[in-house]
Every structure is written in structure tokens, then in C-alpha cells.
Amino acid sequence: MIGGGFRREERTVEQKRLQLTIQAPAVHKEFSRRLFGLFFENLGSVLQGGLLATEGDGHETVCGMRRDVLDALKAVHIRLVRLPGGDYADNYHWMDGIGEPANRPKRYNGNWKINEDNRFGTHEFIALCEYLEADPHFVVNVGTGSVEEARAWIEYCNHPCGTELSELRKRNGREKPFNVRLWAVGNEPFNRGGLMRAEYYADQYRNYAYFMRLMDPTIELILPAAFTEPFGWDERVLELVCRGHRAPVPEHISVHAYWGGDVGNSWDYSGSQYYEAFSGLERVRERLHTLAGMCDSFSGGEKKIRLSVDEYACWYPDAKDPALYQHCTLRDSLIAARMLQYVAMMGDSVSMLCVSEGINALLALIFVQGAEMCLTPAYYAYKMLSEHIGGEIQDILAGDAFHRTGPRQDIETVTVLATQHRGRIVISMVNVSLVEDIRVDVRTEKPLRDVKVSILSSYDVHDENVPGCREKVRPLERQAVCDGISVSCCLPKHSIVLLTANV
Ligand code: AHR
């Protein structure tokens, strides 16, 4: 029996109603394409056995990547890709990953206990980004690398011509610069990136930032935050980096938002463990607001330091090192949708969001097993919420207070995000209750036309898509009752509902 028997207690109680009014916003905030980011690295079967084709398996390929996987990522509107890690980055030397793949050196990457053949390097990263029309976000090696190695990578990628490295790029098949704008100075220097103290890292950052910007002053720098532990690290680093003479203030601060605790396994959880995953997300949300406030106090003049939440997942105990494989059930799709809503609601305090690790590990959008590929419930959550990209975030007034759920009543039962773009309104709603269907009445300022509703849910919240049963959890079209400026629809328990209309 899965889930400690909580399904026996499951029942639908009397339907509650929620009244919402959507209004033009007081302050302009756009749902940025950079919230649709993917972070992955070479661990487990993310690359080998995932994105990359195996020789002779008959898959159509683009630069060694499986076209079916690429097309699935493209269809979900991934618009940012963060590479090469992760912990991987602090053991990675970019020069190993250029030139003829057969001639590239093989190295051991201790963090993920993997022999790296370097066949997926800079040109392949960029081919991936260009295929997806995504922005590349590169992480330089601070742990075992050097300032010169980081500077040289920027020269190789961004310098037009006339230097040894820009000419080498051309000889390697790329005439025009790659124009990589986003550069992170290390991954987690306080942890597997070298166990650095705040003072030591701050000096490293200043040195890297100075020479990286000297190479290309148009780049945006990302400084890693500890976010949770070691406590006080972020404030200390920001103090040392952002104050004083010619302070190299970063454009972004990197946040890795993982949580777990008593959440059960990825596929086997009780009702209270189900809710604990959402309580964890609420705590992450509070910490994001606290960190955004801290960044504001260190931002100077025109420059606002913004949060790059470039790794996130609910990390279950069954995701073991080094493969980090975990299941992805309907619960994870609700988590993903809510995370997207929460960071979007933070407006320009958050610049980027990347799901970790996207393929075959942690919060997977796609599972690849041999020739088979299946799209997870989280994939469909992303697909639905991608409708928000580019839209202006609307203000939402609720008739009553949003009610709360979970054993500690610390979780919002329903979260809502509305955007509008070129006369089209998009409203995503996430109901995490295990027992309550909720009726939502939405009012808008202008009459709605062509209303469409789609719902992602399933009979059992443990449901997932697996090879052999790939379509168990997928969005279905539903009817909405529309009367000019008001629409009414039902949010079933544990569901994501997307309402779109022309206004
Ligand atoms: O995603 C797995 C690891 O978690 C990443 O490599 C690291 O940045 C984080 O601690």
C-alpha cells in the first residue's frame, strides 16, 4: 500500500468558493522568459543515457543530442540553460571540451564520481541553447580553476576576432562570437566548490569579477549565495563585495533552493508528508523575500542585485548520490507550478529560475530510459504556465481571505497568477488541498471571449507518467461558465487549472 493508507481517508468535502477580481496592475511587472530555465550537469543519466544519444541507437541528433528530447524541451519553452554545473563546474576545465570530440581528454569528476569524456562542451552547450532559443548561463570554475581560465573562456566565447582564442573558436567552426551574457563566479564555494570562508571567497570574487569584466564589460555577473547554511555567509560576502572603493557589485545573486525533511519518498508519502513538501516551499518563499530585502540594501545607484534561483527542487530521501534519481508525481507538478507563480509574483527581485536537473534526476521534466522518453507531470505544469511568458502580471483582489490548508494551516490552499499580453489573459491556479474542490469565480475589467480551461490532475496524487504508462497525468480541456466579465470554474483537489481568454 502506497502512502501510509491516506487514500482511504480521502474524501471530497463541501465545495468552497473563491471570488477573484483581476485588475490592471499598479506597477508594471513582466513574466520574464528567464523564469523558464533549465539547470543540469553531467551526473547520473542526465547526459549519458539522457540528453545525449548513444552511438548506433538510431536517434536523430543535433550535435550529439537526441532530437526528441530537444524538441520536448523546446515545446515547453525552456528559455535559459545553466551549465556546466552545479558542483560539476568547480572541477570542470572548459578547454577540455573544445576541438574534435575524439581528441578531448578524459577526466575524473570527483563531485559526481563520473569519468568525463568532454564530448559535451562549449560548442555543444551553445548548440543546445540556440536550438531552444535559450540564453546560456555559464558557471566558471573557482574551486580548481583560475581567474585566467575564466577570463579566457569569455575571450573564446565573446571576442569577435584577432586574438588567439577568438581565432581558435573560428577554427573550431564558429565564426561569430557566442555572446554569452550570464557568468556565475563559482557554484557553491562554501560547500562542494572548495569549502571556502566568506572572506576568502569575497576576495576571489573581486579578483574574478575584475578580470572577467575587463575582458567583456557587457557581461552580467552572478555571485553565489549560501541561502541557508552557513548562516550569515551571504551578508558577510555582500558586505565585502559591495562596499568600498570600486566595489564589483554583481547583477545577480545565485540561490539554490532545495528542501526536504519529513516529505516521505518521491513516490510514497502520507497526507501529512505530502503537505510538508508545500510547507517547505512556503519557507523557501519567505527566505527568498528576506534575501531580496538584503540584496536591496546592498544594491547601489541604478544597479539592483536580483535573485537568480538557478536550482530548485523538493529533494526526496530516495534521490541518492551520485545519480540523484527520484520519481516525479502529481505532487511535484503542483510544486513546480507554485514555484513559478511565487517567483513571478516577486517581480523584478527575481531575474531567473532554473529547474534542477530537468532530465532523469531531481525535479525531472523528462525521463529518458533507453529508446523511450516520457514527459512528467512537472513537464505539463511547465507547459501550462509557459502561457504566462512575456505577459504583464495583473493585480488580483480576493473577495475573502485565501484559506489555508495542511496540518499546521500554513499553506495557501489556492494560489493564483494572472498575466495579460496583447489582449489575451492567462490565469493559472493551483489547488494543493487533498480533500477540497474549490469553485473560483473570476471577474475581469473587460468582457472575456473564447474562454478555454485546461486541468492537470489525477485521481490519485501519487500518479506519475512512466514508460509503458506515459499519459496518466496530462492536461485535459474542461468547460467554464462564462458570463461577460465573469467566469466560474472548478479547481479539483490537487490540481492546476489554466484559464485563457481574449479580452
Ligand atoms: O543539483 C545537485 C547539486 O545540488 C548541484 O550540483 C549543487 O549546486 C547543489 O548543491
Side-chain angles (χ1 to χ4, degrees), residues 37-48 50-51 78 80-93 107-114 116 120 125 137-145 182-196 201 205 222-231 233-234 237 252-261 263 266 280 284 287-288 291 307-328 332 335-336 339 352-367 376 378:
L38 170 69
F39 156 67
F40 68 83
E41 58 194 320
N42 190 2
L43 63 80
S45 58
V46 175
L47 275 185
Q48 294 150 22
L51 179 66
I78 291 299
L80 172 76
V81 183
R82 178 173 180 263
L83 287 161
D87 291 331
Y88 197 81
D90 283 296
N91 254 310
Y92 178 78
H93 299 283
R107 309 250 186 236
Y108 179 64
N109 195 303
N111 272 334
W112 297 119
K113 299 168 187 57
I114 203 158
E116 163 67 283
F120 195 65
F125 299 165
H137 167 158
F138 283 0
V139 182
V140 306
N141 180 347
V142 173
T144 62
L182 298 162
W183 294 86
V185 183
N187 178 53
E188 292 182 357
F190 46 87
N191 193 24
R192 301 217 269 193
L195 305 177
M196 295 176 194
Y201 175 72
Y205 171 85
I222 302 143
L223 174 145
F227 196 45
T228 47
E229 288 176 353
F231 185 72
W233 206 89
D234 299 342
V237 171
H252 313 265
I253 184 162
S254 156
V255 173
H256 296 173
Y258 292 110
W259 67 100
V263 291
S266 56
V284 164
R287 287 204 298 271
L288 290 176
L291 185 59
L307 308 189
S308 166
V309 186
D310 41 47
E311 297 185 22
Y312 86 90
C314 183
W315 189 320
Y316 301 105
D318 47 317
K320 297 270 188 273
D321 248 18
L324 303 186
Y325 172 81
Q326 61 184 33
H327 292 239
C328 179
D332 298 288
I335 288 172
M339 187 65 160
M352 293 177 257
L353 177 72
C354 295
V355 60
S356 170
E357 302 238 348
I359 304 169
N360 285 350
L362 295 179
L363 181 45
L365 303 181
I366 299 176
F367 284 123
T376 68

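Values below: all heavy atoms of this structure, side chains included; hydrogens, waters and symmetry mates excluded. Because the structure is predicted, anything quoted here is derived from the model rather than measured. All ligand and atom numbering here is 1-based and tracks the order in the structure.
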Checklist entry - Is it true that a side-chain atom of Asn360 and a backbone atom of Ser45 form a donor plus acceptor pair closer than 3.5 Å? => result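 Yes, the answer is positive, given that a donor and an acceptor are paired below the 3.5 Å cut-off.
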**Request:** Applying salt bridge (Lys or Arg N to Asp or Glu O under 4.0 Å), name anything that partners Arg287, two or more places apart in sequence or on another chain.
**Result:**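 Expected list: none.
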Salt bridge (Lys or Arg N to Asp or Glu O under 4.0 Å) filter on Glu311, not counting sequence neighbours, yields Arg82
Residue shell for ligand 1, any heavy atom closer than 4.0 Å, reads Phe39, Glu41, Gly86, Asp87, Trp112, Asn187, Glu188, His256, Tyr258, Glu311, Trp315, Leu324, Ser356, Glu357, Leu362
field: Pair Tyr325 and Phe367, ring centroids less than 6.0 Å apart
entry: yes
### Message
Taking the ring of Phe138 and the ring of Phe125, is the distance between their centroids below 6.0 Å?
### Response
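Yes; Phe138 has its ring centre under 6.0 Å from that of Phe125.
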- Task: Please name all residues satisfying ring pair (Phe, Tyr, Trp, His ring centres under 6.0 Å) with Tyr201, sequence neighbours left out, ordered by chain then number.
- Result: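 Residues passing ring pair (Phe, Tyr, Trp, His ring centres under 6.0 Å) with Tyr201: Trp233.
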